[in-house]
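What follows is a short report on a single structure.
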Amino acid sequence: MSFAERVYLACARIPKGRVSTYGEIARALGCRAYRAVGNALNKNPFSPEVPCHRVVKADGSLGGFARGARKKKESLEREGIKIKNGTIEDFEKVFFRL
DNA sequence: CTAATGACATTTG
DNA sequence: ACAAATGCCATTA
């Protein structure tokens with residue numbers, strides 16, 4: 001089981017309509033490799049299977065997205081997450097602590 | 001094995 | 001508040 005695999009599993013735990021951060025994912029895995037988490041999600045071999053779009057930066061901004069940040073924003077809004085000028089509103093509310 | 005690279009995070013200027 | 005500099009950790013070349 002590689003690090004990336006664990007990342008995907010953790011990601012899959014995030015409920016619809018909530019978001020989490022790269023750092024939080026790393027913390028849930030028992031380390032602080034938030035950079036590595038980003039790399040794992042970027043590869044993302046399980047594209048629609050694992051909801052990688054629910055993972056954002058710690059400051060509430062969306063961060064990057066392999067298929068374009070635009071798409072990511074739309075996906076999140078579709079799940080009921082409001083975004084204001086590239087930043088998530090009520091970030092503290094929708095934040096999902098693993 | 002060493003070096004380079006990020007969908008990051010925090011601190012400083 | 002914003003931009004730049006540092007630190008971070010696993011992966012990959």
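Residue numbers start from 1 in every chain, and the chains themselves are labelled A, B, ... in the order their sequence lines are given, proteins ahead of strands.
Formation of a donor-acceptor pair under 3.5 Å by the Ser75(A) side chain with backbone atoms of Lys71(A) is found in this model. Side-chain atoms of Lys72(A) do not come within 3.5 Å of backbone N or O of Gly63(A) as any donor-acceptor pair.
By the salt bridge (charged side-chain N to carboxylate O under 4.0 Å, His left out) test, Glu74(A) pairs with Arg70(A), sequence neighbours left out. Legend: residues meeting side-chain hydrogen bond (donor to acceptor under 3.5 Å, both in side chains) with Asp90(A), ordered by chain and number and at least two apart, are absent. Among residues two or more places apart in sequence or in another chain, the salt bridge (charged side-chain N to carboxylate O under 4.0 Å, His left out) test is passed with Arg54(A) by Glu79(A). Thr87(A) is linked by a side-chain hydrogen bond (donor to acceptor under 3.5 Å, both in side chains) to nothing, counting only residues two or more places apart in sequence or in another chain. Evaluation of the salt bridge (charged side-chain N to carboxylate O under 4.0 Å, His left out) rule for Arg27(A) yields Glu24(A) as partners, not counting sequence neighbours.
Annotation: ring pair (Phe, Tyr, Trp, His ring centres under 6.0 Å) contacts involving residues 49-78 of chain A, sequence neighbours excluded, are absent.
Of all nucleotides in DNA chain C having an atom under 4.0 Å from a heavy atom of chain A, the first and last in 5' to 3' order are dG7(C) to dT12(C). Nucleotides of DNA chain B with any atom under 4.0 Å from a heavy atom of chain A span, from 5' to 3', dG6(B) to dA9(B).
Heavy atoms only, all atoms of each residue included: Ala58(A) and Thr21(A) are closest at CA-CG2, 3.8 Å. Residue Leu62(A) comes nearest to Ala69(A) through the heavy atom pair CD1-O, 4.2 Å, listed as atom of the first residue, atom of the second, then distance.
Phe3(A) comes within contact range of the sugar-phosphate backbone alone, with a heavy-atom separation under 4.0 Å but no base atom that close.
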Cut-off 3.5 Å, no hydrogens considered: what does the side-chain donor-acceptor table look like for residues 91-98 of chain A, sequence neighbours left out?
none

Just distance, no hydrogens or angles: give the donor-acceptor pairs under 3.5 Å from side chains in residues 1-15 of chain A, sequence neighbours left out.
| unit_1 | atom_1 | unit_2 | atom_2 | d |
| --- | --- | --- | --- | --- |
| Arg6(A) | NH1 | Met1(A) | O | 3.4 |
| Tyr8(A) | OH | Ala40(A) | O | 2.8 |

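Within a heavy-atom distance below 4.0 Å of DNA chain C, the residues of residues 20-37 of chain A found are Arg32(A), Ala33(A), Tyr34(A), Arg35(A), Ala36(A). The stretch residues 73-92 of chain A has no heavy atom under 4.0 angstrom from DNA chain B at all.
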